[in-house]
Visitor: 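Please see the structure below; I have some questions.
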Amino acid sequence: MQPNSILAKAVRFALIGGAATAALSAPAVYAADEDKVERIEVTGSRIKRTDMETATPVTVMSADDMAKQGFTNIQDALESLTSTTGAMTTQSVHGFTPAASSISLRGAGANRTLTLINGKRLNQYPKPAGGTDNFVDTANLPMEAVQRIEILQSGGSAIYGADAVGGVINIILKKDFEGVALKYRHGDTTNGGGASDRISLSLGASSDRGNVSTFIEFTDNEQLKATDRENFGLHTDKVPHSDFSSYSSYGARIVGTGTGARQLTAEECAAGGYLWTGSLCGFDRSEWRDLQPESTRFISSTNFNYELSDDISFVGRLDFAEAKSTTNIEPMAINDYDIKVDGNSLTVSNGDLSKTFKDKTTALGGDFANATDGDYNYLRRLHEFSNRAGETKTRNYFFTAGLEGTLADEYNWDASLNYGRTNVDVFRSGYATVGGMFDYITAGENGNSLLKNMTADDVEQASYSPFEQAQSTQKNVQANISGTAFEMSAGDAMFAFGAEYTEQDYQTDTDSESKKGNILTTGGSSGAGERSYWATYAELSLPVLDVLTVNAAVRYDDYSDFGGNVSPQISVEYRPLNELLVRGSVSSVFRAPDMHRVYGDATKGFSTVIDFKQCQALGGTPGQAYPGNEALNAVCKELHIDSTTGSNKDLEAETGYTANIGAVWGGDSLNASFDLWEWKLDDMVSDISASKAAREYEQYENMITRDASGTITHIDAVAQNLAFQKVRGIDLSAGYNWDLNNLGELKLNFNGTYILLSEGQISPTDPVEDDIDNGDLPQYRANLVLGWFIEDFEATLGAYHTARMHGMQYKTFKQSAIDKGEAFDESAHEVASQTKWNLTAGYNITDAIKVKAGVVNLFDAGPNFDPTATSWPHYNRSVYNANGREWFLEGEVKF
């Protein structure tokens, strides 16, 4: 008996015994022997196989596919997926993470969509989305380094562990690149703003033992302002396409329980830099807002591999990315200082700060000389402080090094050490301290009127620049092995087996004044935490018959803060014909809550809501403006409140399942697939938004704080385990190739996702909510891409369709009509469908020189507006953007 044969049997015996209590691995793709069929690893399984189609549905986007469709970066390509139900992009300039991006698959949320590079887990962004949800930033890889992206459109907890509820995005990088390639791309919009430049350099060198490849990219994106999109109606707060649009009432005025306080005239209003609305000094916020920030990004990725021997290679990767993003929104609006008129005296106060003036006729510029007794406030837009701006600097580091090879000519193994770190620094301007503004208002013997503009010196004295620093790290070590388990009559049973250990930590901290709540109109998100977990995993593929394969996987995770959990999966592949695969799978899902939801401090924020209860109590209609009635206008249209989103150390882990059943046809010219899928989570962790709590006040009254008059002043949302969420849908894909002989080749590909059901329940006693009916969720998306290829020329036309959907406040308007016994017009409360078209063309001048040009959004489709949206920009920014038509030119030279 040969030594390798003896060794193989010994290894097989040891590993199969251990696999009975564990679950799965991550070996790298290897080159097959000359007398063997090459096996590759496909996302969704750690076992190498000879076919890309497996029991779980996987969509593959090659680098060539992404380039032909005109996508600028990885985020653009991922947003185009029909299984993407929402995206967080840099157009969310008002959020906590304006410099980062992510996507949500299957409606599960970005924090439940796992992102990998070469099968390895990435570090989480240290600043949580919305101040609550941890996620992986998809913006830190150069396009030129990517070979393909594999998207597992099914849960993968039994394979990859937590965070894989909605699916898995696995970015596969190029390997063994040789030579030098330089590429430049310039893009711009036909309506102005949002231009971009990208330059990339690819370097690679090989020897007979290994390769080193480096990919460097620099991107510069121009600011896109709201005033650049007058054609879409985004340049102003008051737009004709929305009945609920209006200028901000926070211009410059005085409100209160008494009467007689000074008000500005139309002339004084204009002179002060405000907008006369016909009854008061308003403010057009859109004129100060970004739709997309100015940003720069430098990215580099270096891959290396070196053969230490015939059976062992040293492999690794080093990534570095640095980005800077500058956002601008409108100046501060304040009503934070209480003014009490009592007889001839006047008292200004805020918390512990208080000062009384004995003569109201001279105090504060005489604004209250004729005021009756009562409580008042200045409502004031402090435009002298200019934009509230934020500069976000991000640095991302990732390093992996390890060994991989073969054992006994039958088993592939690898072991690696992986480290990732992300640092985020945020510097803000355009803010003032509570004390500084109080000192200005109450300065000297008589104080200052807030109806008059402040001088530059006064602004400087009260100004404050908040800052925030955040960092997250991940340390991981893993080892895996795969190969033949034993022989069966229908073929070899294959296995994969491995283990990993991971440590995660994060910390985010704001400046001391922000944490104390001493800065006007801004909150802070702080917290720190750490956790570790180990996992062992195994997978077994059994060819029961020539046409039937059964796959089983199991993973055990043990978290330092949430204990252990077993996640099993079973799947079946049935091939009655060479061209036909019938498949099905079901797997368990386990997910520990986001670290910030467990360890984060309370996140302070500010929200504009409609106080549905108080509005209706005063006889108003929610969403309608009442310019002549300040109290009614505030509660029905524009109520500014404090909000807090708190962590919860008593959260439990989320558990559930994912399942799919479908079929795949792969012929010479026609290929097609159909999959029915479903996922469900119990004890799903989430929180209730301030607007939802105010709208559905009967259910969430315990979260709401009201003043003596019954008006909302604060909403406190604490992370909680909700009862459940279930989503079910259908995926369809089809492709056909035509050989046109001398006229080249045509390729047509279709992809579509239709959501059959999306429902959830807040608690076991609450009604089950229908997300599709309630609104803000497109029920289907579909893409159609046609490519023509003839010799050195290629052209691609792509159509990307998003279905009609109910508006975000659809449920509220429908219920209001029912309560009033009125007819409800469904179509009047829906967001129209949209189809975007991309056209690109490329030509290979020589083998070394290639040019490409294209138009993205060929017919200049703007965001589809929501007739139920009560606030700017009146459309869903996770579904639409306002870039409009974009064109680009690109050239590449290879040396």
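Each residue takes its place number in the sequence, starting with 1. Computed from a predicted structure; not experimentally measured. Any value given below was found using the heavy atoms of this structure, including those in side chains, with hydrogens, waters and symmetry copies removed.
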Visitor: Using the side chain to side chain donor-acceptor pair (under 3.5 Å) rule, take Thr189 and Glu886 through it: C-alpha gap first, then chi angles, then the decisive distance, then the call.
Guide: CA-CA 4 Å; Thr189 65; Glu886 305 173 68; over 6 Å; no
Visitor: CD/Glu222 to CG/Asp228 distance, rounded to the nearest 0.5 angstrom?
Guide: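 It comes to 7.5 Å.
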Visitor: Please lay out, stage by stage, how Lys726 and Asp771 fare under the test salt bridge (charged side-chain N to carboxylate O under 4.0 Å, His left out).
Guide: CA-CA 10 Å; Lys726 180 192 290 185; Asp771 300 324; over 6 Å; no
Visitor: In terms of side-chain heavy atoms, does Asn838 have a donor or acceptor partner in Asn857 at a distance below 3.5 Å?
Guide: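 Asn838 vs Asn857: no donor-acceptor pair found between side chains.
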Visitor: Applying ring pair (Phe, Tyr, Trp, His ring centres under 6.0 Å), can you list everything that pairs with Phe71, at least two apart in sequence or on another chain?
Guide: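 Phe71 satisfies ring pair (Phe, Tyr, Trp, His ring centres under 6.0 Å) with no other residue.
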Visitor: Heavy-atom count around Glu230 CD within 6.0 Å, excluding the residue itself: above 12?
Guide: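 Count not over threshold, so no.
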Visitor: Given Thr113 and Ser104, is the side chain to side chain donor-acceptor pair (under 3.5 Å) satisfied, shown in steps?
Guide: CA-CA 6 Å; Thr113 299; Ser104 168; 4.9 Å; no
Visitor: Determine the sole option in Glu769, Glu759, Gln809, Lys814 for which the side-chain hydrogen bond (donor to acceptor under 3.5 Å, both in side chains) test with Asn774 is passed.
Guide: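 That would be Glu769.
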Visitor: Would you please classify the geometry between the Tyr754 ring and the Tyr780 ring as parallel, tilted or perpendicular, with 30° and 60° separating the classes?
Guide: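 Tyr780 and Tyr754: parallel rings.
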Visitor: Looking only at the side chains, is there a donor atom on one of His383 and Glu330 sitting less than 3.5 Å from an acceptor on the other?
Guide: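 The criterion, which ignores hydrogens and geometry beyond distance, is not satisfied for Glu330 and His383.
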Visitor: When you measure from the side chain of Ser248 to the backbone N and O of Phe283, does any donor-acceptor pair fall under 3.5 Å?
Guide: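 No, the answer is negative, given that no donor and acceptor are paired below the 3.5 Å cut-off.
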Visitor: Around atom CG of Leu618, are there more than 12 heavy atoms of other residues, nucleotides or ligands at under 6.0 Å?
Guide: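 Enclosed.
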Visitor: Are Glu654 and Arg112 close enough, and set up right, to give a salt bridge (charged side-chain N to carboxylate O under 4.0 Å, His left out), and what steps lead you there?
Guide: CA-CA 11 Å; Glu654 302 171 337; Arg112 298 181 186 88; 2.8 Å; yes
Visitor: Quick one: SG on Cys281 to OH on Tyr247, what's the gap to the nearest 0.5 Å?
Guide: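 It is 14.0 Å, given to the nearest 0.5 Å.
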Visitor: According to salt bridge (Lys or Arg N to Asp or Glu O under 4.0 Å), who are the partners of Arg229, at least two apart in sequence or on a separate chain?
Guide: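 By the salt bridge (Lys or Arg N to Asp or Glu O under 4.0 Å) rule, Arg229 matches no residue at all.
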Visitor: Can a donor-acceptor pair be found, under 3.5 Å and without considering hydrogens, that links the side chain of Ser245 to the backbone of Ser242?
Guide: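 Yes.
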Visitor: Grab the two heavy atoms, one from Phe232 and one from Phe865, that are nearest each other, plus how far apart they are.
Guide: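 Taking every non-hydrogen atom into account, O-CZ, 2.9 Å.
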Visitor: So that I can tick it off, tell me whether Asp770 and Lys811 are bridged by a salt bridge, with the cut-off set at under 4.0 angstrom between side-chain N and carboxylate O.
Guide: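 Salt bridge: no.
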Visitor: Might you point out which heavy atoms bring His806 and Asp773 nearest each other, and give the distance in Å?
Guide: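 Closest approach of His806 to Asp773, heavy atoms only: ND1-O, 2.8 Å.
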Visitor: Using 0.5 Å steps for rounding, measure from the CE atom of Met684 to the CD atom of Gln725.
Guide: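 Spacing of CE (Met684) from CD (Gln725) equals 5.0 Å.
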Visitor: Donor-acceptor check, side chain of Asp707 to backbone of Thr711, threshold 3.5 angstrom: yes or no?
Guide: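 Such a contact is found between Asp707 side chain and Thr711 backbone.
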Visitor: Looking only at the side chains, is there a donor atom on one of Gln834 and Tyr800 sitting less than 3.5 Å from an acceptor on the other?
Guide: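 No, Tyr800 and Gln834 have no side-chain donor paired with an acceptor closer than 3.5 Å.
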Visitor: Side chains of Ser286 and His235 only: does a donor on one sit below 3.5 Å from an acceptor on the other?
Guide: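 No donor-acceptor contact under 3.5 Å links the two side chains.
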Visitor: Arg381 and Tyr250: which non-hydrogen atoms are nearest, and at how many Å?
Guide: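 Taking every non-hydrogen atom into account, CB-O, 3.1 Å.
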Visitor: Classify the side-chain pair Asp731/Thr753 by whether it contains a donor and acceptor separated by less than 3.5 Å.
Guide: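 Yes, because at least one side-chain N or O of Asp731 sits under 3.5 Å from a partner of the opposite role on Thr753.
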Visitor: To the nearest 0.5 Å, what is the distance between CD1 (Ile169) and OG1 (Thr84)?
Guide: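 These two atoms lie 7.0 Å from each other.
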Visitor: Going by atom types alone, do Asn864 and Tyr875 pair a side-chain donor with an acceptor below 3.5 Å?
Guide: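 The answer is no; no qualifying pair exists.
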Visitor: Kindly determine whether Arg289 and Asp237 satisfy salt bridge (charged side-chain N to carboxylate O under 4.0 Å, His left out), including the steps that lead there.
Guide: CA-CA 11 Å; Arg289 287 175 171 163; Asp237 283 346; 3.7 Å; yes
Visitor: Side chains of Thr236 and Asp284: do they bring a donor and an acceptor to under 3.5 Å?
Guide: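 On atom types as modelled, these side chains qualify, holding a pair under 3.5 Å.
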Visitor: Would you say Trp887 and Thr190 are linked by a side-chain donor-acceptor pair, where the criterion is simply a distance under 3.5 Å?
Guide: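 Not at all, the side chains of Thr190 and Trp887 share no donor-acceptor pair under 3.5 Å.
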Visitor: Look at the side chain of Arg253 and the backbone N and O of Ser249, then say whether any donor-acceptor pair between them is shorter than 3.5 Å.
Guide: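 Yes; judged by distance alone, with no hydrogens or angles, the pair exists.
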Visitor: Calculate, to the nearest 0.5 Å, the distance between atoms CG and CZ belonging to Asp860 and Arg885 respectively.
Guide: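 Going from CG on Asp860 over to CZ on Arg885, the span is 4.5 Å.
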Visitor: Do Thr138 and Ser102 get their side chains close enough for a donor-acceptor pair, meaning under 3.5 Å?
Guide: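 No pair is found: no donor N or O on one side chain lies under 3.5 Å from an acceptor on the other.
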Visitor: Is the His829 ring parallel, tilted or perpendicular to the Phe813 ring (thresholds 30°, 60°)?
Guide: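 Rings of His829 and Phe813: tilted, as their planes differ by 30° to 60°.
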Visitor: Working to the nearest 0.5 Å, report the span between NZ of Lys613 and CD1 of Ile704.
Guide: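 Rounded to the nearest 0.5 Å, the NZ-CD1 separation comes to 8.0 Å.
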Visitor: Salt bridge (charged side-chain N to carboxylate O under 4.0 Å, His left out) between Asp682 and Lys680: does it pass, once the steps are laid out?
Guide: CA-CA 7 Å; Asp682 292 312; Lys680 181 186 178 185; 3.8 Å; yes
Visitor: Look at atom CD of Glu698 and say whether more than 12 heavy atoms of other residues, nucleotides or ligands are closer to it than 6.0 Å.
Guide: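 Open: at most 12 neighbouring heavy atoms sit under 6.0 Å from CD of Glu698.
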Visitor: Please check if the side chain of Asn387 supplies one atom and the backbone of Trp288 the other of a donor-acceptor pair under 3.5 Å.
Guide: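 At least one qualifying donor-acceptor pair exists.
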Visitor: Using side-chain contact (heavy atoms from CB on, under 4.5 Å) as the criterion, list what pairs up with Ala693, not counting sequence neighbours.
Guide: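 Once residues adjacent in sequence are excluded, the partners of Ala693 under the side-chain contact (heavy atoms from CB on, under 4.5 Å) criterion are Ile688, Tyr700, Met703, Ile715.
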Visitor: Does any N or O in the side chain of Trp679 come within less than 3.5 Å of the main-chain N or O of Arg106, such that one atom is a donor and the other an acceptor?
Guide: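 Between the backbone of Arg106 and the side chain of Trp679 there is a qualifying donor-acceptor contact (under 3.5 Å).
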Visitor: Is there a donor-acceptor contact under 3.5 Å linking the side chains of Asn876 and Asp776?
Guide: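 Yes, a side-chain donor-acceptor pair sits under 3.5 Å.
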Visitor: What is the minimum heavy-atom distance between Leu291 and Lys225, and which atoms define it?
Guide: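 Heavy-atom minimum between the residues: CD1-O, 3.7 Å.
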